[in-house]
Protein chains: 2
Amino acid sequence: MVFTTSEENYIKSIFHLQQETGLVNTNSLAAEMHTRPASVTDMLKKLKSKKLLQYEKYKGFKLNEAGKKAALDIVRKHRLWEFFLVEKLKFDWDKVHPIAEELEHISGDELIQRLDDFLGNPSFDPHGDPIPDKNGKVPVIKQQSLSEIPFKKNVTVSSVSNQTAQMLDMLKHYCIAIGTQLMVLKKFDFDGSLEIKVSKQNACIISEQVAKNVFVHDVQ
Amino acid sequence: MVFTTSEENYIKSIFHLQQETGLVNTNSLAAEMHTRPASVTDMLKKLKSKKLLQYEKYKGFKLNEAGKKAALDIVRKHRLWEFFLVEKLKFDWDKVHPIAEELEHISGDELIQRLDDFLGNPSFDPHGDPIPDKNGKVPVIKQQSLSEIPFKKNVTVSSVSNQTAQMLDMLKHYCIAIGTQLMVLKKFDFDGSLEIKVSKQNACIISEQVAKNVFVHDVQ
DNA sequence: TTATATTTTTAGTTTTGTCTAAATTTTATT
DNA sequence: AATAAAATTTAGACAAAACTAAAAATATAA
Ligand SMILES: [Mn+2]
Ligand SMILES: [Mn+2]
Ligand SMILES: [Mn+2]
Ligand SMILES: [Mn+2]
């Protein structure tokens with residue numbers, strides 16, 4: 001089954017929203033896609049007629065198995081291209097999303113399989129998000145928010161849940177990237193901010209908001 | 001100035017046709033683009049209104065300087081992506097054209113500049129066609145058709161003007177690729193076919209039609 | 001439980017790019 | 001020069017994907 005760029009963008013957005021909320025509603029999808037609720041309703045009819053969607057008027061909607069498989073396919077392409085852009089073309093990790101947003105729509109199974117092999121079959125993209133394999137299987141990693149880690153425990157940054165340019169710019173300033181080793185030294189109860197040690201640098205302080213969006217796993 | 005995928009495909013096709021014939025006519029562009037003359041006329045009006053085209057009703061048309069610059073930009077992207085697909089992803093050279101036909105429309109000056117650097121700023125694509133630089137300058141190479149080369153002269157294959165899958169499949173069978181060294185041994189006057197020696201292999205015979213489409217330059 | 005607010009859908013338009021069929025212009029042929 | 005043929009353009013239609021404004025359904029609050 002082959003989809004238009006617009007259909008693919010809707011499928012991917014529904015997929016991401018339904019991971020949070022189960023059922024998705026029209027207004028939140030319109031907000032996510034920077035479009036109007038009426039446009040969403042139009043597309044829902046189309047996706048339902050293509051049997052990708054469970055949808056009843058006024059009752060919300062979610063992707064069925066075929067829809068989820070289609071979504072994982074697009075996510076796979078998006079994240080492989082992001083990996084390519086950062087690892088091979090040396091883009092900063094906060095610049096690649098809009099480019100991958102276009103590249104993910106290039107068709108051809110052989111292209112994406114060869115790209116995957118060329119990149120060494122990576123499991124995680126530059127933001128630490130898992131890259132589904134060609135069957136839609138998503139690698140899992142046991143990770144916790146930095147805000148939940150006990151003091152003095154060595155951990156490695158595995159992903160960042162807020163991937164706005166603003167957040168990534170901030171992390172670059174702290175020299176925090178995927179793979180960076182960290183240790184939480186202290187929590188300030190006043191505002192929930194954390195004193196942390198980044199690699200072998202001096203300690204610094206990050207806000208609770210940053211800490212909640214940084215995910216880490218055990219070293220090794 | 002930014003163009004739609006459709007506009008870009010028209011611009012590129014006009015560019016290629018006008019290199020052959022100077023002025024381009026509606027029917028030949030429609031044939032080239034697998035579309036209808038009426039659709040061509042519609043697009044001509046649009047490209048004229050965007051000041052890319054010299055066009056008078058019923059009189060033919062050609063790209064002006066702005067149009068040619070736009071075309072060279074698209075050609076540059078197309079050929080850089082083809083180079084990427086063959087050199088990095090190890091595609092056969094007869095499979096890359098349709099993929100590059102999509103990739104050439106991905107926007108972003110920084111993307112294409114980084115890709116160019118990553119590939120080592122190549123001057124020729126996998127078919128031997130020149131890759132324009134970012135200013136639209138096209139590298140030139142002194143080449144002749146294999147059908148015009150004197151006997152026993154060592155030459156190197158530089159490009160192939162017919163790039164259909166059929167032609168490229170045939171060349172693969174002869175073990176002829178861009179960069180292959182050749183020598184013409186004899187011409188058969190009966191049908192114009194040539195006996196040639198490919199690298200250090202045994203001599204073989206190619207048709208006049210093949211010979212006319214293979215271009216070569218002096219060794220060194 | 002009625003009234004109000006919010007959410008969602010429908011109806012009708014718009015833009016882009018395509019098409020067919022018909023009209024017009026140009027070119028070729030008697 | 002008149003006629004036929006070919007090339008090109010116009011007119012009108014259509015599908016995809018967006019929009020606005022209004023109607024309908026659902027949820028919330030008095
Ligand atoms: Mn996209
Ligand atoms: Mn990512
Ligand atoms: Mn193209
Ligand atoms: Mn080429």
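Each chain gets a letter, A, B and so on, in the order its sequence line appears, and its residues count up from 1. As the structure is a computational prediction, the values presented were derived from the model and not from experiment.
Residues passing the side chain to side chain donor-acceptor pair (under 3.5 Å) test with A:T26, sequence neighbours excluded: none. With sequence neighbours excluded, no residue satisfies side chain to side chain donor-acceptor pair (under 3.5 Å) with B:E32. Evaluation of the side chain to side chain donor-acceptor pair (under 3.5 Å) rule for B:Q18 yields no partner, not counting sequence neighbours.
At the phosphate of D:dT9, neither OP1 nor OP2 sits under 4.0 Å from any side-chain N or O atom of B:K45. For B:T41 and D:dT9, the shortest distance from a side-chain N or O to OP1 or OP2 is below 4.0 Å.
Shown for residues 1-15 of chain B: residues whose heavy atoms fall under 4.0 angstrom of DNA chain C, namely B:T4, B:S6, B:Y10. Contacts of residues 22-37 of chain A with DNA chain D (heavy atom under 4.0 Å): A:T35, A:R36.
Screening residues 121-149 of chain A for salt bridge (charged side-chain N to carboxylate O under 4.0 Å, His left out) gives A:R79-A:D125 as the qualifying pairs, with residues at least two apart or on separate chains. For residues 88-99 of chain B, every residue pair satisfying the salt bridge (charged side-chain N to carboxylate O under 4.0 Å, His left out) rule, not counting sequence neighbours, is listed here: B:D92-B:K172, B:D94-B:K172. Sorted by first then second residue, the side-chain hydrogen bond (donor to acceptor under 3.5 Å, both in side chains) pairs that include residues 48-61 of chain B, not counting sequence neighbours, are B:E7-B:K50. Pairs passing the salt bridge (charged side-chain N to carboxylate O under 4.0 Å, His left out) check and including a residue from residues 17-26 of chain B, sequence neighbours excluded, do not occur. Pairs of residues two or more places apart, or lying in two chains, that qualify as salt bridge (charged side-chain N to carboxylate O under 4.0 Å, His left out) and include a residue from residues 61-78 of chain A are A:E65-A:K68, A:K69-A:D73, A:R76-A:D116.
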Please tabulate the protein-to-nucleotide N/O contacts below 3.5 Å involving nucleotides 26-28 of chain D, giving atom names and distances.
none

Polar-atom pairs under 3.5 Å, protein N or O versus N or O of nucleotides 1-3 of chain C: list them with distances, or write none.
none

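The NZ-P distance, from A:K48 to C:dT9, rounds to 11 Å in whole Å. Between the CD atom of B:E56 and the C1' atom of C:dT26 there is a distance of 14 Å, rounded to whole Å. Atom pair B:D42:CG and C:dT20:C1' shows a separation of 12 Å (rounding to whole Å applied).
Distance alone, capped at 3.5 Å, is enough to place a donor-acceptor pair between the B:H16 side chain and the B:K12 backbone. Between the A:T180 side chain and the A:A177 main chain, a donor and an acceptor come within less than 3.5 Å of each other.
Ring geometry for B:H97 versus B:H78: interplanar angle of 30 to 60°, hence tilted. Below 30°, between 30° and 60°, or above 60°: for A:W93 and A:H127 the angle between ring planes is below 30°, a parallel geometry.
How far CD1 of B:I74 is from CG of B:N9: 7.5 Å, rounded to the nearest 0.5 Å.
Residue A:F61 is classed as having no contact, given no heavy-atom separation below 4.0 Å to the nucleic acid.
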